[in-house]
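Just so we're clear, the structure is a prediction, and the values are computed from it rather than from any experiment.
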Amino acid sequence: MIAFRISALAAGFSLFALCVSAARAAEGAPDPSDLPAGIQAGAAAVEIEADDAMVIAGGIGPGKASGQEGALRATAVVLRDRHGTTLAIAALDILMITRSELDPVLEAVEKETGIPRSHILVNCTHTHHAPSTLTVHGYGGDPVFTARVRQALRQALVDAHSQLEAGPCTFHFHLGREETVGQNSRQLLPDGSVYWIGPRDQFVRPTGPFDPELPVLAFRGADQALRALLFNHSTHTIGTLRPGVRSPSFYGLAAQELEERLGGIVLFLEGASGSTHNLELPCDLMKRRIMGAALEALEKSEARSVERIASLKRPFRFRVRDFDEEQEDAAVSRYCRTWTGDYADDVIPVFRRMREVLRPQRGQERETWIQALRIGDVAIVGVPAEFFTKLGIDIKNRSPFRHTYIAELANDWIGYLPDLDAHRLGGYQVWTGFHSYAEPGTGERMVDEALELLKELEEL
């Protein structure tokens, strides 16, 4: 059908192409079809303003901050290949955000720039030191800050798109590693429970893997100046240089310092880190080690041909889990009474209230997004949850692309998605609440559907 239409309309199409090429030449902009297996790249960052009155997300109750270090930003990279296909990757320095806030922004960006909303991936860096954009645990979102996040995201995408006309780029890639910033934090304790908070001197063993991969994707102009750099790593984004302040935390601080050194725009993509935290290192040391790993990977990166970029985004349906109130309450109470001391009296009622809200919703069907995109032979999978590392590694191992990486908390937020073994072990990440409500097995189903998207991408 497509071949027939092209054949039948060859003359008209050729005339149209000539007109487009002439228009681009007149504007001084390169025609993507003239790029020799190259790519065009535009990048931008927009600061998200916040103040001390806003509730900080990331805890069980509402947090507060006094002052700020670094900037909270919306960062975007827009790419266009020689066939004219455009896609965008954006990152937000916030804990997470739902599709109800994101979908209208992407619709507006599509109208303004022509980038299909199915070709836009929005990842949250998961800093625990930014104001809240949603209801989780014992607090809600700040509407003023949430509106600023939406506006900053739109502006970053529009600004990055406008930078495409700066000229063609070369794409450089290297897979680096950072093995010390983070570890599987769901440590087995002597009583058979799984560590969340409390003393750290009785760990038996980790209950899952840690992923040390740190890929770097760089885009350089004809003068070899860095236009944009993306890096990916998989640890919860917690920790500040100064106590009690707003912060993009160690990943965001590393990205901003790398920009000062290298030029261009640096964007961090949070990997599959639902089961991975830092338990030992201070923020400054984590920042320096991440920077060192990213710089080493950039130094080793090699130019790669990009014949095509592509993106697929699909709805994914899942159900709110069924649960037994007595069993859930016993699990939360037992852990908190044993390991958290007086804090138990603050935590236990919050989980009871969340289950009370979720009880009539048991079995309800919900819909979210999963996404896969490719930049040449590198693939990125966007999942809308705090994705357990074991599930992310499963996607990597089974992907048809040798280089496949996970961007969690992408395009939506549906809580933690543990693997089935983690559900059986229990622990905070699987206790029922607004933070974890999808039925067991949802994570494995999402892995399978992500792999189907990757297989389709391989054929494009």
Which donor-acceptor pairs under 3.5 Å do side chains of residues 44-53 form with protein atoms, sequence neighbours excluded?
unit_1	atom_1	unit_2	atom_2	d
Asp51	OD1	Ala53	N	2.9
Asp52	OD1	Gly67	N	3.1
Asp52	OD1	Arg246	NH1	2.7

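- Salt-bridge formation is not detected for the pair Glu452/Arg314: no Lys NZ or Arg NE/NH1/NH2 atom is positioned less than 4.0 Å from an Asp or Glu carboxylate oxygen.
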Exercise for the section: Starting from the C-alpha separation in whole Å, work towards a yes-or-no answer on side chain to side chain donor-acceptor pair (under 3.5 Å) for Glu386 and His236. Expected result: CA-CA 9 Å; Glu386 292 184 67; His236 255 68; 2.9 Å; yes
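- Ring planes of Phe173 and Phe171: tilted class, angle from 30 to 60°.
- Salt-bridge check for Glu325 with Arg355: passed, with a basic side-chain N closer than 4.0 Å to an acidic carboxylate O.
- Between atom CZ of residue Arg154 and atom CG of residue Leu106 there is a gap of 12.5 Å, rounded to the nearest 0.5 Å.
- Looking at residues two or more places apart in sequence or on another chain, you find a side-chain contact (heavy atoms from CB on, under 4.5 Å) between Ala130 and Leu72, Thr127.
- Among Glu439, Glu449, Glu367, the one residue that satisfies the salt bridge (Lys or Arg N to Asp or Glu O under 4.0 Å) test with Arg317 is Glu367.
- Below 30°, between 30° and 60°, or above 60°: for Trp196 and Trp431 the angle between ring planes is above 60°, a perpendicular geometry.
- Ion pairing of Asp284 with Lys287 is present here, as a side-chain N (NZ or NE/NH1/NH2) and a carboxylate O approach within less than 4.0 Å.
- A salt bridge links Arg261 and Glu257; the closest N-O separation between the charged side-chain nitrogens and carboxylate oxygens is under 4.0 Å.
- Contact check on Arg359 versus Glu356 returns no salt bridge, with no Lys/Arg side-chain nitrogen under 4.0 Å from an Asp/Glu carboxylate oxygen.
- Remark: the Glu408 side chain and the Ser273 side chain contain an N/O donor-acceptor pair separated by less than 3.5 Å.
- Residues Tyr428 and His435 place their aromatic rings such that the two centres sit under 6.0 Å apart.
- For the residue pair His161 and Thr113, no side-chain donor N or O sits within less than 3.5 Å of a side-chain acceptor on the partner.
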